J.: 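Submitted below is the structure of interest, expressed as structure tokens.
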Amino acid sequence: QVQLVESGGGLVQPGGSLTLSCATSGFTFSNYAMGWFRQGAGKEREFVAAITRGGGTIYVADSVKGRFTISRDNVKNTMYLQMNSLQPEATAAYYCAAARDLGAIRTMRPTYWGQGTQVTVSA
């Protein structure tokens, strides 16, 4: 069975940091581009970051550029999102996704979705 399981979410104070993980199984991880999306309460889901199959190129949304970094480990079949300088606007459910190509990630039509993990930034 294909599984994408996010972890690492929780409550963090403004200015703090969190690292999210997306552990995968059931498909050939290294053959898929990967990405992160988020959806705040009452808002539409938005693109956060993406990474190519080998991890050589990353794309980060303007809203988080300079503060968030995406990476992957093709031995552990796991993708990560390092989030620094967190502010309340980052409060959202964060979802990982896998696709055969980056275009499907960017247009929000991946092959597989994870179930999401909640990040709450509050004092």
Side-chain angles (χ1 to χ4, degrees):
Q1 291 181 308
V2 171
Q3 293 189 80
L4 289 76
V5 181
E6 300 94 335
S7 62
L11 177 64
V12 63
Q13 293 185 336
S17 298
L18 282 176
T19 300
L20 305 184
S21 298
C22 175
T24 73
S25 60
F27 67 101
T28 304
F29 180 75
S30 61
N31 288 158
Y32 284 75
M34 299 291 297
W36 288 98
F37 298 82
R38 67 183 180 185
Q39 185 169 18
K43 297 180 171 60
E44 294 186 347
R45 191 169 298 188
E46 65 174 339
F47 170 79
V48 176
I51 188 166
T52 54
R53 293 160 65 181
T57 305
I58 65 172
Y59 301 88
V60 183
D62 289 343
S63 60
V64 301
K65 193 169 295 181
R67 297 181 294 111
F68 288 16
T69 300
I70 187 171
S71 62
R72 67 190 294 163
D73 186 332
N74 283 0
V75 174
K76 296 182 177 180
N77 296 333
T78 301
M79 176 182 62
Y80 306 94
L81 184 68
Q82 176 66 51
M83 305 185 293
N84 300 321
S85 302
L86 285 164
Q87 297 301 313
E89 307 86 79
T91 296
Y94 284 73
Y95 299 86
C96 68
R100 290 286 195 172
D101 56 72
L102 279 171
I105 294 290
R106 191 60 186 87
T107 59
M108 216 176 297
R109 292 196 169 190
T111 305
Y112 307 117
W113 284 105
Q115 86 291 341
T117 186
Q118 180 68 35
V119 172
T120 301
V121 184
S122 176

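Remember, it's a predicted structure, so these values are computed and weren't measured experimentally. Atoms considered below: every heavy atom in the structure, side chains included; atoms not considered: hydrogens, waters and symmetry mates.
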J.: Any sub-3.5 Å donor-acceptor pair from Glu6's side-chain atoms to Cys96's backbone N or O?
T.: yes

J.: If every non-hydrogen atom of Ala99 is compared with every non-hydrogen atom of Ala104, which pair is closest and at what distance?
T.: CB-CB, 3.7 Å

J.: When clusters are formed from ILVMFWY side-chain contacts under 4.5 Å, directly or step by step, what else is grouped with Val5?
T.: none

J.: So, for Asp101 and Ala33, which heavy atoms are closest and what is the spacing to 0.1 Å?
T.: C-CB, 4.0 Å

J.: At their closest point, which heavy atom of Val121 faces which heavy atom of Thr91, and how far apart are they?
T.: N-OG1, 3.0 Å

J.: For Ser71 and Met79, which heavy atoms make the closest approach, and how far apart are they?
T.: O-CG, 3.3 Å

J.: Got a sec, which residues hit side-chain contact (heavy atoms from CB on, under 4.5 Å) with Asn74, two or more places apart in sequence or on another chain?
T.: Phe29, Ser30, Arg72

J.: Could you walk me through whether Arg38 and Ser63 pass the side chain to side chain contact (heavy atoms under 4.5 Å, CB included) check?
T.: CA-CA 12 Å; Arg38 67 183 180 185; Ser63 60; 3.7 Å; yes

J.: With a 3.5 Å distance limit and no angle check, can you tell me whether Thr57 reaches the backbone of Thr52 through a side-chain donor-acceptor pair?
T.: no

J.: With hydrophobic residues grouped by side-chain heavy-atom distances under 4.5 Å, do Tyr112 and Leu81 end up in a single group?
T.: yes

J.: Which heavy atom in Ser85 sits nearest to a heavy atom in Arg67, and how many Å separate them?
T.: O-NH1, 3.6 Å

J.: Show which residues join Leu102 in its hydrophobic cluster (side-chain heavy-atom contacts under 4.5 Å, direct or indirect), or state none.
T.: Phe37, Phe47, Tyr59, Tyr95, Ile105, Met108, Trp113

J.: Are Val60 and Tyr80 connected, step by step, through hydrophobic side chains (Ile, Leu, Val, Met, Phe, Trp, Tyr) whose heavy atoms are closer than 4.5 Å?
T.: no

J.: Spell out, yes or no, whether Val2 and Tyr32 are grouped together once hydrophobic residues are joined by side-chain heavy atoms under 4.5 Å, including indirect joins.
T.: yes

J.: How about Leu4 and Met34: do any of their side-chain heavy atoms sit closer than 4.5 Å?
T.: yes

J.: Closer than 3.5 angstrom, by distance alone: can the side chain of Thr24 be matched with the main-chain N or O of Asn77 as a donor-acceptor pair?
T.: yes

J.: For the atom pair CZ (Phe27) and CD (Gln3), what is the distance rounded to the nearest 0.5 Å?
T.: 10.5 Å

J.: Shortest non-hydrogen contact from Ser17 to Gln82?
T.: CB-NE2, 4.1 Å

J.: Test side chain to side chain contact (heavy atoms under 4.5 Å, CB included) on Thr117 and Ser7 and set out the steps.
T.: CA-CA 6 Å; Thr117 186; Ser7 62; 5.7 Å; no

